[in-house]
Every structure is written in structure tokens, then in C-alpha cells.
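I have placed the structure first, in the form of C-alpha cells, so that the comments after it can refer back to it.
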Amino acid sequence: ERVPSHWRPRRHFSPARNWMNDPNGMVYLDGVFHLFFQYNPGGSVWGDIHWGHAVSRDLLHWQEKPVALASEPDGLGMIFSGGAVVDWENTSGFQRGENPPVVATFTHHDGNGVQVQSLAISTDGGWRWEKYADNPVIPNPGIKDFRDPKVFWHASSRRWVMVLAAGDRVHFYRSRDLKEWEFLGDFGEKAGDHGGVWECPDLFPLKTPEGEERWCLLVSINPGGPNGGSATQYFIGDFDGERFVPEHQEVRWLDYGTDNYAGVTWDGLQGRGDRRILVGWMSNWDYANKVPTEIWRGAMTLPRELYLYRDQERLLLGNRPVTEVQVARTLHSEGVLERGKVVQLPGGNALDLSISVGSAPELELEFLAGDGERLLLTLSRERGVLLLDRRESGWVEEGLGREIRAPLVHSLNRDSELRVVIDGSAMEIFVDGGKTALTAVFFSSEPLSRLAVLRAAGLSPAYSLYTI
Ligand code: FRU
């Protein structure tokens with residue numbers, strides 16, 4: 001590669017060549033995590049969108065597979081975002097042989113920009129795909145932005161439910177067989193952030209710490225993110241199979257960084273610990289087409305486990321790296337971070353740095369690359385904020401050089417932890433297991449090689465540095 005190899009993540013998925021955006025059709029079956037994605041096989045900028053395909057058994061080591069769904073330039077068009085479900089009871093009648101059919105729901109986007117909802121079917125457990133002969137299954141009702149259908153089985157009403165983005169709101173539909181869809185209603189015209197168009201929704205139940213069920217609605221929005229460009233907001237509430245009713249008014253963000261977009265969750269984990277695992281696209285529409293990796297563009301976030309937690313009575317959504325990361329990591333060094341301390345970062349590895357911030361009122365860390373390029377990370381209990389400054393981090397065009405500010409969503413305590421995962425051109429920052437999260441890409445001319453402590457007011461925090 002003539003592009004610097006240190007920009008390529010090792011434990012996050014990125015395509016070998018060409019353009020990638022949103023994760024799609026994530027489905028778990030037979031021990032395999034399937035990940036599909038928005039992909040342009042013809043180049044490294046957005047266009048002629050297909051569904052690419054990658055698989056993993058541990059969510060950390062990914063293998064790229066042949067394209068799963070090709071665009072139809074002379075037909076229904078490009079293959080935009082959507083989901084996939086395992087149809088265990090063969091409600092669709094698509095089953096051939098032993099395997100339950102896997103059914104993908106996606107948006108066809110034709111040459112005139114018309115968006116309709118379509119199906120594709122895999123009868124071999126998610127490896128090979130065929131488009132449904134009677135596409136589309138939902139025609140366009142006269143709405144310009146009408147896309148990204150995500151489907152799940154709603155057990156108590158025994159129906160499939162679809163949530164899709166319709167401009168400034170989401171629409172809900174339901175079906176018995178995944179083929180015939182009935183419109184239920186919408187949500188969002190008067191809720192959440194409206195600084196941009198709504199995209200890539202997802203809806204799923206999670207348990208509260210007290211063991212009650214709540215429903216989480218994720219909605220990505222572009223632009224309008226808290227630090228510019230693309231970001232994902234969430235709502236917590238109730239869903240009875242027809243209507244979503246939120247339990248809060250204020251806007252909430254899943255991740256305050258600039259680079260976690262269009263994230264949705266895996267199907268097929270119901271009854272397997274009921275894990276709810278999300279992957280997002282680690283880029284931002286502000287600069288995605290311009291980042292200097294040139295021959296490939298786009299990577300996914302680490303898979304993250306979503307969970308509900310309480311902070312001062314409020315019920316909030318956290319997102320932390322899946323436990324597979326802890327299992328896979330090896331201790332590289334440990335010690336105490338007093339002011340002036342320098343920690344060497346071993347090159348050529350994905351890194352996982354964990355810091356017990358104790359009662360330190362403020363911690364300021366500098367991640368250095370080669371000749372004076374750096375990222376500045378500040379966690380301030382005093383100011384209630386997490387900051388990442390990329391202004392001197394190397395390639396800083398198209399708004400990538402802005403300082404990123406994440407108000408601490410939750411309250412810190414004496415056991416608070418700051419965790420930083422660094423892999424290639426990505427930094428994922430989690431405070432207290434993802435109660436506050438900040439994901440950002442950066443493109444330094446050389447790999448990050450050391451960490452310097454600029455300020456560690458109060459206690460000297462202990463750290464452990466792992467390679468993954
Ligand atoms: C989100 C998005 C989706 C759309 C896809 C097109 O990033 O704009 O709404 O389906 O990308 O590639």
C-alpha cells in the first residue's frame with residue numbers, strides 16, 4: 001500500500017480496498033457474526049452502493065467476503081442501508097432445506113432518487129443472497145427521504161415490526177410474513193434533534209437495572225451532531241407493538257465523538273444472553289469522502305454492548321466494548337500516571353489503555369506521534385467534561401481539526417475509569433464502561449508512539465496498557 005499502513009485498524013473491520021459506510025444486515029447464526037456494509041466496489045468515494053460482507057467469530061478478527069448484494073443500475077438501483085433477521089419459524093415461506101431463511105430488508109434507491117423498501121433472501125445461513133422477485137415490498141408514499149428499514153420479531157404481538165427513517169421522523173410498519181407490510185404510525189416530528197435528516201433507526205428492548213423492560217430507539221442524524229456533522233441520538237420509552245412513547249424530552253446522544261454513525265444492532269442473539277451489540281460506521285459525512293487513506297475509506301467501531309443504567313434517577317443508555325475485547329487482550333505495561341510521566345506505546349498493535357482516575361479533579365494526556373503531532377485528551381471532573389483536541393493530530397482538513405467536547409453524561413465517582421482504545425486511525429474513549437463515550441478518527445503522519453501526562457491534579461491514577 002502506498003498509503004501509510006499505520007492508518008489501517010487491526011481489530012476493527014475495514015474493507016481491503018474501496019469505499020465503505022454504514023453497517024447493514026447484522027445477523028448472528030451458527031456461531032458466525034455476519035456484517036454487511038454500504039460498499040462501492042468501484043472506488044474509494046461514495047457511489048454505486050452495494051452490500052459488502054464480512055464475517056467474524058469473535059467480533060475482533062474480521063474476514064472480508066464477496067459482495068452480497070449488487071446494485072441494479074438499470075433497475076431498482078443502489079442497495080442502501082437496512083437490516084436482516086433470522087426467520088426461525090419460516091413465516092416468509094422462503095425456507096429451502098434445513099436452514100431457517102435469513103431475510104434482509106433494505107432500501108432500493110433508483111436513478112431518480114426514489115427510495116423503496118425491498119427484500120433479499122439467504123437460504124444457506126447468510127452466505128449467499130438473492131433478491132426477492134416481487135421487490136419492492138413497500139413502495140414510496142411520496143416521501144423524499146424514506147429509507148433504512150430495520151426489522152425485528154415482536155414476540156408478544158407475534159408480528160415482525162419495521163422501523164424506517166422518513167425525513168424528520170421514523171415510521172413503524174408490521175407484517176406476518178415479511179412480505180406484506182401494514183403502516184402503523186410515526187414518531188419523532190416533535191421529539192429529539194432536528195438539525196439534519198433522520199437515518200438508520202433501530203428499535204429493541206433492554207432490561208433496566210431493576211429488571212424491567214424498556215425500549216430503545218436509535219436514530220442517526222446528519223448533520224446536527226453535538227460536535228458537527230453526523231451522530232446518533234437515542235430515546236428510551238415504551239413500545240407496545242404499534243406505538244413508541246418516550247419517557248424523556250431532552251435530546252440524548254449515544255456517543256459524543258464525531259465518528260460513530262449509523263450504528264445498529266445484531267439480530268439473532270435473542271436467547272443467547274440477550275446481548276444487544278452495536279457497530280457504527282467510524283466516520284463522519286463532513287469528511288468521509290476526503291480522508292487520506294485514499295485506496296480504502298471507512299472502518300467500523302468496535303462492537304459495543306448496549307445497556308441501561310441509572311444516574312441520579314435518570315435511565316440512560318451506555319455502550320461499552322464487548323467482553324471479547326477483555327478476553328483477547330494481553331498486559332503490556334502498568335504503573336502510575338504522575339505529571340511528566342511518559343508511557344511508550346508499542347507500535348503495530350491495537351491498544352487498550354485503562355486508567356483508574358480515582359478522585360483526580362483533572363487529567364490531561366498527550367498522545368504523541370513522530371514529529372510533534374499529537375492528540376490531547378482531557379477528563380475534567382471539575383468542568384464535567386471530556387475533551388479530545390485533534391487540531392495538531394496530522395491531517396486536519398474538512399473540519400476534522402475541531403476540538404471535540406463531550407459533557408459527562410453521568411456523575412464520576414472514586415472508582416471511575418477512563419478507557420482508551422487505539423487502533424490504526426481510530427480512538428475510542430469510554431468513561432466508566434461507556435456511560436460517556438467519544439469516538440474519533442485521526443490521521444497522524446506516523447503512528448502514535450508515546451503517551452505523556454501533562455496534568456494529573458490530585459491523586460496519581462494507576463494505568464494498565466494492553467495490546468489486543
Ligand atoms: C447513512 C446513509 C443512509 C443510506 C446510506 C447510503 O449514512 O445516508 O441513510 O441508506 O447512508 O449509503
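Whatever order the structure lists them in is the order used to number ligands and atoms, beginning at 1.
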* **Ligand-side contact atoms (ligand 1) for residue partner N21, heavy atom cut-off under 4.0 Å** => 5 (C), 6 (C), 7 (O), 11 (O), 12 (O)
* What's the shortest distance from atom 4 (C) of ligand 1 to any protein heavy atom, and which residue and atom give it? -> D148 OD1, 3.6 Å
* Report the relative orientation of the aromatic rings in W46 and W285; use parallel for angles under 30°, tilted for 30 to 60°, perpendicular for over 60°. => perpendicular
* Asked: Do other residues, nucleotides or ligands put more than 12 heavy atoms under 6.0 Å from R314 CZ?
  -> yes
* Asked: So H154 and F152, would you call those rings parallel, tilted or perpendicular, with 30° and 60° as cut-offs?
  -> perpendicular
* Take E324 and R275, measure what salt bridge (Lys or Arg N to Asp or Glu O under 4.0 Å) needs, and give me the verdict at the end. => CA-CA 12 Å; E324 281 83 349; R275 302 174 76 191; 2.8 Å; yes
* To do: Examine Q38 against ligand 1 and note whether any of their N/O atoms are separated by less than 3.5 Å.
  => yes
* Structure fact -> In this structure, atom 7 (O) of ligand 1 is nearest to the protein heavy atom D22 OD1, 2.7 Å
* Asked: Looking at S81, which atoms of ligand 1 are within less than 4.0 Å of one of its heavy atoms?
  -> 5 (C), 10 (O)
* Could you tell me if any non-hydrogen atom of T107 lies under 4.0 Å from any atom of ligand 1? => no
* **Parallel, tilted or perpendicular, as decided by the 30° and 60° cut-offs, for the rings of H109 and F80** => parallel
* Structure fact -> Counting from 1 in the order shown, the ligand 1 atoms closer than 4.0 Å to a non-hydrogen atom of Y261 are 1 (C), 7 (O)
* Compute the shortest N/O to N/O distance between W281 and ligand 1 and return yes if it is under 3.5 Å, no if not. => no
* For the residue pair F244 and F172, categorise the inter-ring angle as parallel (less than 30°), tilted (30 to 60°) or perpendicular (more than 60°). => tilted
* Structure fact -> Looking only at protein heavy atoms, what sits closest to atom 8 (O) of ligand 1 is E199 OE2, 2.8 Å
* In terms of ring plane angle, is the pair H194 and W198 parallel, tilted or perpendicular, where the classes change at 30° and 60°? -> parallel
